[in-house]
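Data block below; observations after.
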Amino acid sequence: MSRFIVSPKASSWVEVPQGSHFPIQNLPLCIFAHANADEPVLGTRIGDKLIDLGALMDLELLSGPEDEDEAAEFYEFGYLDPRVFRQVRKGLYDILRVDNPKLRDDKSAKKEVFVDLADADVLLPAEVRAFVDFYSGIHHASNVGRMFRPDQPPLLPNYRHLPIGYNGRASSLVVDGASIRRPNVQTKGPNDELPSFGPTRELDFELELGFFVGMGTNMGEAIPIGDCEELISGVVLVNDWSARDTQRWEYQPLGPFLAKSFATSVSPYLVSLDALEPFRVNGMPQEPAVLPHLRAPKASHYDIELEVSIQSPSMKQPQVICRSNAKNLYWSFVQQLAHQSSNGTPLETGDLYATGTISGEAEGTFGSMLELTWRGSKPIVLSETGEERTFLEDGDVVTMTGWAQGEGYRVGLGTVSGRVEPAS
Ligand code: MN
């Protein structure tokens with residue numbers, strides 16, 4: 001496998017605003033709906049423009065599937081195959097590079113292929129068949145341990161030996177911008193009272209990354225960790241909304257269930273590992289050494305800056321409440337995937353794996369309200385209005401963003417945002 005990396009010096013004839021997450025070095029895939037198309041189309045984004053890949057192919061400005069069967073497969077799930085994604089990115093780079101006049105100087109072709117962001121609804125980048133959420137942020141896991149098991153070591157004995165995870169719910173994945181209804185849940189206080197049912201009082205977010213699987217595997221086939229990267233289509237931001245009050249009541253002994261399954265928000269741009277390749281870094285040392293089947297043969301983490309902001313209905317501007325980095329993950333994407341596959345369960349194209357909450361070590365770098373407010377004991381002050389938050393209130397908008405910083409450019413993941421609506 002040889003990765004396709006666009007030079008940091010490359011530029012496009014398409015205008016890309018300073019600091020944009022989507023310069024010619026990124027070229028993610030996305031699915032978007034717009035007025036001139038009957039069905040959502042496969043596209044990419046550069047700067048603030050979307051490009052309809054089917055239209056580019058019709059104009060023979062990008063090579064695509066040769067016949068109807070190939071086309072059906074390509075648009076259903078074939079585009080997720082990282083080898084196909086790589087070919088598409090190569091073609092896109094070629095047609096968009098600053099010195100290629102073919103599309104640049106063809107006004108009518110440009111009208112066919114470009115769609116303004118404002119005129120489109122960007123959707124989930126794939127139809128997700130299965131969703132798994134890991135727990136690979138070691139500082140998050142340690143913080144939760146300190147809060148809920150103060151008399152024990154912060155990490156349970158298994159933590160450094162395998163990536164902890166649970167099977168989440170694909171049917172409630174929603175895209176950036178979707179509002180999130182506060183769920184009704186069962187909770188129980190600390191004493192002998194009976195449980196009650198009603199709107200969660202501890203609605204929280206979790207700052208996570210996710211990756212899509214772009215190629216399935218057969219039942220019984222365990223993928224060696226050295227081959228796992230070749231199955232990964234791309235990376236997104238994930239907000240794993242959580243209802244903490246029901247979570248601590250329901251999770252024993254099988255793990256989270258309804259505390260997580262009411263909604264999970266996902267950013268719409270699938271950013272390839274090729275685009276992130278310049279930002280590959282070593283993770284933190286893993287001690288004790290992990291078993292060979294989970295040992296990544298090379299650096300498998302990424303230096304991706306992460307931010308969370310909150311805006312209450314009375315605020316004019318969002319306030320950043322968390323700054324973290326993907327380097328805070330103990331277990332990398334490939335370690336998560338190798339673990340998932342190690343018992344021979346088949347992976348399916350379109351599977352989504354989320355990392356778990358990515359908290360840093362210091363205050364202000366925690367990726368959930370639970371940690372930021374230390375279980376509600378240290379409220380966050382929203383400085384613009386003086387309001388305080390322990391958990392999320394109705395009308396609050398939570399926005400996550402993430403980007404890798406190159407020299408003079410950024411490869412970004414865009415944003416994933418959601419407003420909390422009152423319970424029904
Ligand atoms: Mn989570």
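Just so you know, ligand 1 is whichever comes first in the structure, and atom 1 is the first atom listed for that ligand. Only a predicted model underlies this, so the values are computations on that prediction, with no experimental measurement involved.
Within the structure, every pair that satisfies the salt bridge (charged side-chain N to carboxylate O under 4.0 Å, His left out) test and touches residues 76-92, not counting sequence neighbours, is listed here: Asp81-Arg83, Arg86-Asp274.
The closest approach of Glu206 to the Mn ion (ligand 1), by N/O/S atoms, is made by OE1. Checked against the Mn ion (ligand 1), the N, O or S atom of Asp133 at the shortest distance is OD2. No other N/O/S atom of Asp240 lies as close to the Mn ion (ligand 1) as OD2 does. Nearest N, O or S atom of Glu208 to the Mn ion (ligand 1): atom OE2.
Note: His140 and Tyr135 have perpendicular aromatic rings, judged against thresholds of 30 and 60 degrees for the angle between ring planes. The aromatic rings of Tyr79 and Phe74 sit perpendicular, their planes meeting at an angle over 60°, well past the 30° parallel limit.
Glu371 meets the salt bridge (Lys or Arg N to Asp or Glu O under 4.0 Å) test with no other residue; sequence neighbours excluded.
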